[in-house]
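One structure is given below, encoded as structure tokens.
Remember, it's 1-based here, ligands and their atoms both numbered in the order they're listed.
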Amino acid sequence: MTAPSVPADLRRPALAAADPELAALVAAEERLQADTLRLIPSENYVSAAVLEASGTVLQNKYSEGYPGKRYYEGQQIIDQVETLTAERAKGLFGMDHANVQPYSGSPANLAVYLAFLKPGDTVLGMSLPMGGHLTHGWGVSATGTWFNGVQYGVRRDTGRVDLDEVRDLALAERPKLIFCGGTAVPREIDFAGFASIAREVGAVLVADIAHIAGLIAGGAHPSPAPHVDVVSTTTHKTLRGPRGAMLLSRAEHARAIDRAVFPGLQGGPHNQTTAAIGVALREAATPDFRSYARDVVTNARTLGEELAARGFDLVSGGTDNHLLLIDLTAKDVPGKVAAKALDRAGIVVNHNSVPYDTRKPFDPSGIRIGTPALTSRGIPASEMATVAEWITRVVQAARTGDESTVSEVRSEVKALMDGYPAPGLPVS
Ligand code: DSN
């Protein structure tokens with residue numbers, strides 16, 4: 001992916017003329033994304049091709065229904081867009097059926113509940129503070145309010161999921177639905193192990209692969225396809241597509257999933273997003289993307305080793321994927337204070353709870369970082385020592401209130417970013 005060098009106002013002349021205020025904000029966001037080291041593990045840079053597909057006239061069309069069975073006429077082209085994208089999704093992830101209409105990850109997961117559960121039924125998922133997602137049955141989510149959410153975690157001593165605990169909970173609670181996967185899981189997910197538990201209790205098994213979809217597509221993480229009933233994923237994280245989602249399933253669940261998405265939960269699909277997902281899926285099927293997925297993991301492992309060597313406490317001791325969860329308790333800096341200082345230094349992360357956190361979710365002990373976006377810029381593993389050293393200096397500076405170190409790091413970050421232009425952004 002090469003970055004076009006056209007100035008922002010020439011790239012969007014109509015927007016610049018019609019609404020200079022918003023055009024300036026978009027250009028400023030481009031500048032920010034170009035100049036900063038973006039380490040949020042759920043973010044990425046899409047290609048110029050994905051960006052172009054996202055901004056097309058496909059967005060002018062209403063298409064409630066599915067290809068060949070719509071509630072509006074004029075679907076000659078849209079049906080082809082959706083069918084092509086769904087076929088690519090099935091091929092890439094090796095599942096029988098793909099629904100490419102969910103607006104994002106949470107609606108996709110809600111559709112799974114609607115497809116398989118009645119209110120009050122039991123769902124087993126990973127708890128939010130242990131690395132799971134709100135929609136896996138956590139209390140403040142509709143999924144934990146309307147359904148009986150039972151939650152597993154990770155072991156205190158290993159920071160990893162304990163399948164014996166999951167099995168014990170499943171046997172005791174008899175969930176109808178089990179989720180595996182999450183949003184702060186640095187280790188490989190044992191899909192086969194979860195499948196054996198789901199089979200034993202007669203539950204539908206859903207793999208939420210939102211974070212690792214690109215790694216699976218690129219062969220850098222085992223696939224859930226042989227093991228699970230349903231795969232839920234967003235399309236904008238490691239998969240490097242537009243903000244959207246997909247549900248993939250075995251053939252026997254296709255009708256239930258489709259009816260749950262539409263008319264169960266949603267209206268018209270966002271056709272421009274569907275097209276951009278299709279572009280991202282085509283990109284993800286290339287040898288270049290396989291290298292990208294491998295490099296994301298290599299960068300994360302190397303960054304983890306460099307951070308551990310500097311005294312950082314990594315949950316589970318490291319990573320198998322794109323993500324590192326760091327407990328800053330021993331550094332004597334709260335996660336949010338560190339995240340804000342890193343942001344001032346041009347290093348963008350998010351504060352995050354760590355397993356068994358004694359602090360509150362909005363002021364937790366940890367930060368969560370990842371390598372999908374920096375790897376999209378082509379930043380190699382040999383730079384991870386530099387990145388770890390910046391994080392070390394800024395976290396120390398956050399503790400002592402040393403803003404001059406924060407400013408120094410910001411200049412160093414900008415200099416490195418200038419050498420690795422981001423896909424889809426102007427470089428001028
Ligand atoms: N918000 C996403 C993340 O950052 O992981 C999960 O929904």
Side-chain angles (χ1 to χ4, degrees), residues 33 36-46 102-113 123 125-144 149 151 153-154 159 161 179-189 206-216 221 230-247 265 273 277 280 296-297 300 315-316 319-326 335-336 338-340 342-343 347-355 357 361-362 364 366-376:
Q33 291 190 18
T36 53
L37 177 61
R38 300 173 61 234
L39 291 182
I40 292 178
S42 47
E43 293 185 351
N44 214 326
Y45 295 96
V46 298
Y103 297 143
S104 204
S106 293
N109 284 349
L110 267 182
V112 176
Y113 286 80
V123 57
M126 192 178 204
S127 88
L128 182 67
M130 294 282 183
H133 190 257
L134 279 165
T135 56
H136 296 180
W138 188 243
V140 298
S141 150
T143 63
Q151 308 269 271
V154 295
V161 171
F179 272 92
C180 57
T183 61
V185 180
R187 294 298 181 177
E188 194 171 294
I189 298 166
V206 188
D208 185 337
I209 62 164
H211 266 259
I212 53 173
L215 304 185
I216 291 167
H221 187 291
V230 178
V231 170
S232 170
T233 186
T234 51
T235 46
H236 46 270
K237 299 184 174 97
T238 48
L239 191 57
R240 218 161 57 179
R243 303 195 78 83
M246 306 188 292
L247 287 171
L265 273 177
T273 301
I277 291 172
V296 167
V297 176
V315 172
S316 83
T319 183
D320 298 326
N321 53 36
H322 64 301
L323 180 150
L324 293 154
L325 187 57
I326 305 173
K336 198 166 173 181
K340 292 219 171 285
L342 286 162
D343 195 39
I347 300 173
V348 188
V349 307
N350 66 273
H351 60 264
N352 215 95
S353 294
V354 295
D357 209 327
F362 200 61
I367 54 172
R368 188 185 67 151
I369 66 177
T371 51
L374 73 82
T375 308
S376 289

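For T36, the side chain to side chain contact (heavy atoms under 4.5 Å, CB included) partners at least two apart in sequence or on another chain are L32, R38, V348, R410.
Between the CD1 atom in I209 and the OG1 atom in T233 there is a gap of 4.5 Å [rounded to 0.5 Å]. Residue M130 holds its CE atom at 11.5 Å from CG of L325, rounded to the nearest 0.5 Å.
Ring planes of H136 and F179: parallel class, angle under 30° (limits at 30 and 60°).
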**Prompt:** Passes side-chain contact (heavy atoms from CB on, under 4.5 Å), F362 versus H351? Steps please.
**Reply:** CA-CA 8 Å; F362 200 61; H351 60 264; 4.2 Å; yes
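Side-chain atoms of T319 come within 3.5 Å of backbone N or O of L323 as a donor-acceptor pair.
Residues lining ligand 1 at a heavy-atom distance below 4.0 Å are given as S42, H133, T183, H211, K237, R368, ordered by chain and residue number.
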